[in-house]
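Worksheet: the structure to be examined is printed underneath.
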Amino acid sequence: MNRFRAWKTFAPPPVWTYAAAWTIVIGVIGSLRTWALYSGGFDLGFFVQASRTGGTTVVPMAGFSLLQDHFSPLLIALGPVLRLLPVPYGLIWLQAFAVGASIPLLWRLSRRPAPPVAWSWLLIVAYSLAAPLLGAVYFDFHPTLLAAPLLLWFANATAAGSRAAFPAAILAAATREDIALLVLVLALLYVRRMPRVLGAAAVAAGSLFALGRIVMTNTWFVDTAFAYVDWSSPGVTLRTALASAWADGSLLLLLAGLILPWPWLVGRRPDWRPLLAAAVLIVPLLLAANPNTKQAGYHYYFPAVLLFAWAAAGAAPRPFDGSRARLALAAIGITVVFGPLVSSALTPVQPAATTIVYRSITDHEAISASHDLLDCLPSGAAVAVSSPLQPYTADSPSSYIWPHPFEDLVTVTGLEPLVTRTDAPVDYVVAHTSGLPRNALNGSRIPNLAANGYRMLTASDWFEVWGRDAGAFDC
């Protein structure tokens, strides 16, 4: 009974119910997206393999380890638990649960200024339905999203002057190197509230960030953070980046998806520290010399949404402002209609949830047939599969994204001819031909496998299966 009262004091039962319902719905959408072969495949498959091989062991499909890709020691610590999760849906549900758990924490943070209850509801609904958040949370799997409840735990502890801010900061910084950089910035901005606690948190987060820079071979994010600054000719690179991003056509959509509906929720005197941290985080991505407004996953922009909500929660108005509330509701409605749930206009890289559900129903037989092909592959066989199928074979110690290891993925992206290697350690190739919902380049052209000892064993509407040992293929 006392425990129930504690939960009820932290957030009322309707908030917990909303968070649980949100988690279930988004978990189902994410799982359905993966099952229906809309998954990008690489990220989800990579983390499935990485969770089983450990942080320093090379992941076969990528050719590098987890820590070389992104510095995520928390994910390594969770390895024993992750190995128990069903492949590949366990990771999808893990990140849905993490973000769902952040909703009551945001509610708690918003109640400290004692605003009207309706305003706190507006805030958690705007946060949970934000386009970048939804676009990130059902797009494969990314450790960044595990930081959601940890960052809001840090926010609550900092607001309350609690020493719990230190473990919250450490755990959040351990999710990924860009989050470690964000925690470092936040700890320094709030350090005057608790000099010793937050000073120690800044040192720890900075150490994790520096260690990540040493260990990682993939330094894309950090390099991008300074790509738009050209000290030899100030302003030239920045103007070029802005012009390119504007001509790209996606900058306005991205900005709209990021900003709605926060102008009406942040309040007249917002907590400026999260807003400044958000600028530090997203400006490099928006103004990079190579704008990533279309290419970069929305998990890169998701922390900005959390920071906007943090700033709004710290400045919630005491009297209920009806006109601003109506404008905020209208902006939330626009986000829902044009975001990933309905049309995906604000997140053009992502398929809309409505599209996923529709194709799952209309293409059910073709999707099921593709999964049946995977069931025919012998357990433990070395396979190279098209990217949407990768998460389902990533549990194998020798699973690659086609055409790797025959040909480098970068070469395929460059549209150069494929040259099949005869020494590729692969027993079976499952490559798609056409008709896939996500018709990526990987596998869209099949070279002369027959000349290298392979023969086609079977085919579905979307895939062909080639192998060297027909006897072991039971289908």
Side-chain angles (χ1 to χ4, degrees), residues 22-23 25-26 29-30 33 38 40 43 92 95-96 98-100 102-103 106 122-149 151-152 172 175-176 178-179 182 221 224-225 245 248-266 274-275 277-288 291-313 328 331-353 356:
W22 184 95
T23 301
V25 170
I26 297 302
I29 292 174
R33 180 182 192 272
Y38 270 99
D43 290 324
I92 297 292
Q95 70 181 10
V99 178
S102 70
I103 294 175
L106 179 60
L122 269 177
L123 185 59
I124 65 170
V125 170
Y127 166 74
S128 61
L129 298 182
L133 184 146
L134 293 174
V137 79
Y138 72 76
F139 177 65
D140 287 6
F141 173 82
H142 299 281
T144 305
L145 296 168
L146 302 182
L151 286 172
L152 286 173
T175 56
R176 221 172 77 159
D178 50 339
I179 300 298
L182 177 61
F221 176 81
T224 299
D248 183 65
S250 58
L251 181 59
L252 285 178
L253 288 176
L254 178 60
L255 287 173
L258 281 173
I259 294 173
L260 290 175
W262 303 110
W264 298 279
L265 288 172
V266 167
L275 296 178
V280 171
L281 178 72
I282 67 173
V283 166
L285 293 172
L286 293 175
L287 305 179
N292 287 279
T293 49
K294 282 187 177 179
Q295 290 79 12
Y298 279 84
H299 56 285
Y300 285 103
Y301 303 104
F302 153 72
V305 172
L306 186 146
L307 292 169
F308 292 155
W310 182 344
I332 293 172
I334 293 173
T335 300
V336 171
V337 173
F338 295 100
L341 286 179
V342 179
S343 69
S344 197
L346 291 175
T347 54
V349 177
Q350 306 289 354
I356 292 172

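The analysis underlying the following values was restricted to heavy atoms, covering all of them including side chains, and did not include hydrogens, waters or symmetry mates.
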Check: If you take all heavy atoms of Thr335 and Ala131, which pair is closest and at what distance?
Finding: CG2-N, 3.5 Å
Checklist line | Heavy-atom side-chain proximity of Phe141 to Leu146 below 4.5 angstrom | finding: yes
Margin query: To check you understand the geometry: which heavy-atom pair defines the closest contact between Gly100 and Thr23, and what is its length?
Written below: CA-OG1, 3.4 Å
Note to self: On a heavy-atom basis, which atom in Ala98 and which in Pro149 lie closest, and how many Å separate them?
What the structure shows: O-CD, 3.2 Å
Check: When you look at Trp262 and Leu123, which way does the side-chain contact (heavy atoms from CB on, under 4.5 Å) test go after all the steps?
Finding: CA-CA 9 Å; Trp262 303 110; Leu123 185 59; 3.6 Å; yes
Notebook entry, point to check: Could you state the interatomic distance from CG (Leu129) to CD1 (Ile124), rounded to the nearest 0.5 Å?
Noted result: 10.0 Å
Checklist line | Derivation and outcome, side-chain contact (heavy atoms from CB on, under 4.5 Å), residues Ile26 and Val99 | finding: CA-CA 10 Å; Ile26 297 302; Val99 178; over 6 Å; no
Check: Which value, rounded to the nearest 0.5 Å, describes the distance between Ile179 atom CD1 and Thr144 atom OG1?
Finding: 5.0 Å
Notebook entry, point to check: To the nearest 0.5 Å, how far apart are CD1 in Ile332 and CG in Leu260?
Noted result: 10.0 Å
Checklist line | Any side-chain heavy-atom pair of Ile29 and Leu341 under 4.5 Å | finding: yes
Checklist line | Nearest heavy atoms of Ala126 and Leu265, plus distance in Å | finding: CB-CD1, 3.4 Å
Check: To the nearest 0.5 Å, how far apart are CG in Leu275 and CG in Leu307?
Finding: 8.0 Å
Notebook entry, point to check: Do side-chain atoms of Tyr138 reach the backbone of Pro340 as a donor and acceptor pair under 3.5 angstrom?
Noted result: yes
Checklist line | Nearest atoms (heavy-atom pairs only) where Leu151 meets Ala172 | finding: CD2-CB, 4.0 Å
Notebook entry, point to check: Are Trp264 and Leu122 close enough that some pair of their side-chain heavy atoms sits under 4.5 Å apart?
Noted result: no
Note to self: Just to verify, what does Ser128 make a side-chain contact (heavy atoms from CB on, under 4.5 Å) with, not counting sequence neighbours?
What the structure shows: Tyr18, Trp22, Ile103
Checklist line | Shortest non-hydrogen contact from Gln95 toward His142 | finding: OE1-N, 3.2 Å
Check: Below 4.5 Å, heavy atoms only, C-beta onward: do Tyr127 and Leu306 meet side chain to side chain?
Finding: yes
